[in-house]
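Bear in mind the structure is a predicted one, so any value in this text is a computation, not a measurement.
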Amino acid sequence: MKRIGILSLFLIRDLFRSLAGIVPLAVGFTFYAIAFEYGMDQAQFITVAGVGLGAICLLTVLLLTGRANRASFYPFAARLPRRSELLAAVVVGSLAVTSVIAFLMTEVALLQHKLTLDFPSALWIIPTWLAFWLFVAALALPLSSLVSRDGSHMVGYVFITALLVANDRRSFLEERRLHWLSRAVTAVLWPVATLLAQASAGSHDRSYLLAIVLTVGYAGLLFGLAVALLRHKDLLWPE
Amino acid sequence: MLRASELTKRFGSTLALDRLSLDVPAGAVFGLLGPNGSGKTTFLKLVMGFIFPDAGQVARGKLSTAQIGYLSEHAFYPTRFAVRDYLTTLARVGGPAYSSAGGNTLRREIDRLLAQLGLEEFAGRRLGALSRGTLQRVGLAQVLLGNPDLILLDEPVLGLDPAAQKFMRDQIVALHLAGKTIFLCSHNLDEVTRVCTHVAVLKQGRLVRAGPLPDLLGTRSQIIITIGSLPPGLPSTLAALSPGIAVGSSPRGVAEEKSPRGVAEEKSPRGAAEREGQVTLDDDARAYKAQVLRLLLDAGVDVLRLDERQTSLEEIYLQVTGPARSPGRETP
């Protein structure tokens with residue numbers, strides 16, 4: 001655990017000492033400028049800011065894996081007893097970066113009176129967002145060039161796009177008598193959609209808790225997939 | 001210490017290693033030679049577990065990768081980190097010896113390494129601001145973190161000036177004397193001759209020669225007969241005996257040219273009577289020594305000296321690797 005923390009800190013420092021380190025900050029600033037232009041209430045904040053910060057989390061995972069996928073990283077890779085520790089460090093690092101940006105964004109929004117939060121119910125934002133970001137970070141791992149094998153990340157991008165398009169066009173699917181597909185899409189996305197919807201509605205009941213468990217379960221499965229892909233992958237760093 | 005058995009690795013259609021079997025004894029300084037693209041770096045990456053074999057296996061005994069020091073051929077470093085910071089982070093990530101060490105213990109150990117490698121004055125400098133020679137010393141420092149028993153060095157003196165090369169050689173010798181097993185890939189045959197106890201030569205992924213260096217050098221030798229003037233026609237007579245016989249000039253003699261039959265014949269405007277040269281019998285032609293001497297003496301040639309010279313590593317290398325490889329065979 002200590003090694004994962006040290007490695008995570010190294011990756012973050014390496015990222016923010018490079019030009020690429022500007023990217024998550026710039027995206028965060030741009031998102032804030034657009035999303036908070038007219039202010040937000042707590043319900044909007046949970047969903048809109050949660051998803052926006054999830055995108056930053058995904059981007060940060062891709063950037064951190066990019067740092068780890070360089071020839072200069074070989075002395076670290078050589079010292080790791082398990083490659084899964086590198087992936088864990090990336091996830092921890094991306095969650096840390098996203099949390100810092102989220103904290104800054106929230107503070108600035110509160111100071112500028114562009115956000116209203118009700119305490120203590122606002123504290124539910126923390127487990128909601130952490131579960132969602134954990135899912136996003138784990139989802140981003142197989143999409144990275146560090147983990148992907150033989151273009152598997154392209155399959156991942158296509159699958160996610162298809163899933164989101166299908167979710168957006170569920171009525172179209174049902175008109176075409178593709179109920180099974182519509183239901184399958186709804187079922188697959190249920191944990192994440194329910195997590196954000198219930199949190200936004202301030203309803204922290206059983207379905208919310210089940211959604212959290214399933215979202216974290218998704219994250220575990222995706223992390224396992226990434227570990228399986230990386231375990232026997234030839235590390236041929238671009239030099 | 002390290003044993004490869006029938007190790008095979010392909011990159012697409014390129015066969016990088018072809019059933020390579022190699023045994024590296026504990027305490028040896030093992031030099032792996034071979035032309036570019038012959039699979040040397042691929043072998044090191046397989047040992048480190050960065051890549052995986054298509055067939056065969058590498059046995060590292062009880063050593064984990066964290067107990068093996070590895071220095072890459074290319075000096076890639078996180079340029080914005082200071083030397084001490086970089087080494088400290090590496091030590092905390094992997095060195096089993098430091099994982100439970102306190103801050104002061106680790107600091108003392110890093111200080112010791114920096115002093116050993118003459119890096120004290122660079123401790124606070126960014127890696128991106130260091131010269132190639134200093135970076136290579138930082139690379140060696142990261143190799144030595146955790147006091148590994150097996151050290152893999154890929155082209156350790158590549159691109160270094162003579163002083164830095166000597167420094168690196170001295171470090172390798174010191175590590176050898178400290179009982180470490182060192183495996184190095186190199187094109188620098190002089191370096192290999194000076195520091196290695198064992199040598200293996202790869203050609204197109206295949207092992208073509210391996211063994212203790214003294215045995216390899218001792219297996220082949222040349223007989224050199226230094227002679228005075230040489231009557232015309234005698235080179236052809238000697239050549240007819242064996243293709244392993246060459247007649248040429250001494251170092252201060254005249255230019256020579258090989259005949260189609262492999263015999264070097266001199267082209268001198270001054271004539272045969274003025275020539276001074278040597279007859280060389282390689283290992284395959286040793287049996288003709290007496291016959292060659294008799295022919296020379298019967299022809300009235302002055303035989304000035306008879307020497308036996310051990311074949312150099314360069315000659316062995318060139319002999320076993322043969323002509324230059326065809327272009328396009330590159331391995332990652």
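Put simply, the side chain of B/His74 does not reach to within 4.5 Å of the side chain of A/Tyr74, judged on heavy atoms. Residues A/Leu235 and B/Ile51 are not in side-chain contact: their nearest non-hydrogen atoms beyond the backbone lie 4.5 Å or more apart. You'll find the side chain of A/Phe10 stays beyond 4.5 Å of the side chain of B/Leu90, heavy atoms only.
Among B/Tyr70, B/Phe81, B/Tyr77, the residue with the largest count of heavy-atom pairs under 4.5 Å with chain A is B/Phe81.
Within the model, atoms CG of B/Asp85 and CZ of A/Arg13 stand 4.0 Å from one another, a figure rounded to the nearest 0.5 Å. Atom OG1 of residue B/Thr89 and atom CG of residue A/Leu7 lie 10.0 Å apart, to the nearest 0.5 angstrom. The OG1 atom of B/Thr88 sits 10.5 Å away from the CD1 atom of A/Ile6 when rounded to the nearest 0.5 Å. For the atom pair CZ (B/Phe50) and CG (A/Asp234), the distance works out to 12.0 Å, reported to the nearest 0.5 Å.
The shortest heavy-atom contact between A/Arg83 and B/Gly49 is NH2-O, 2.8 Å. The nearest pair of heavy atoms linking A/Ser72 to B/Pro78 is CB-N, 3.9 Å.
With hydrogens and angles left out, the side-chain atoms of A/Arg79 and B/Gln67 include no donor and acceptor closer than 3.5 Å.
Between A/Asp14 and B/Arg80 no salt bridge is recorded (no basic side-chain N to carboxylate O distance below 4.0 Å).
The neighbour count for B/Phe52 CZ, taken as heavy atoms of other residues, nucleotides or ligands under 6.0 Å away, is above 12. Heavy atoms from other residues, nucleotides or ligands lying under 6.0 Å from CZ of B/Arg169 number more than 12.
Interface residue B/Leu71: backbone and side-chain heavy atoms are both found under 4.5 Å from chain A.
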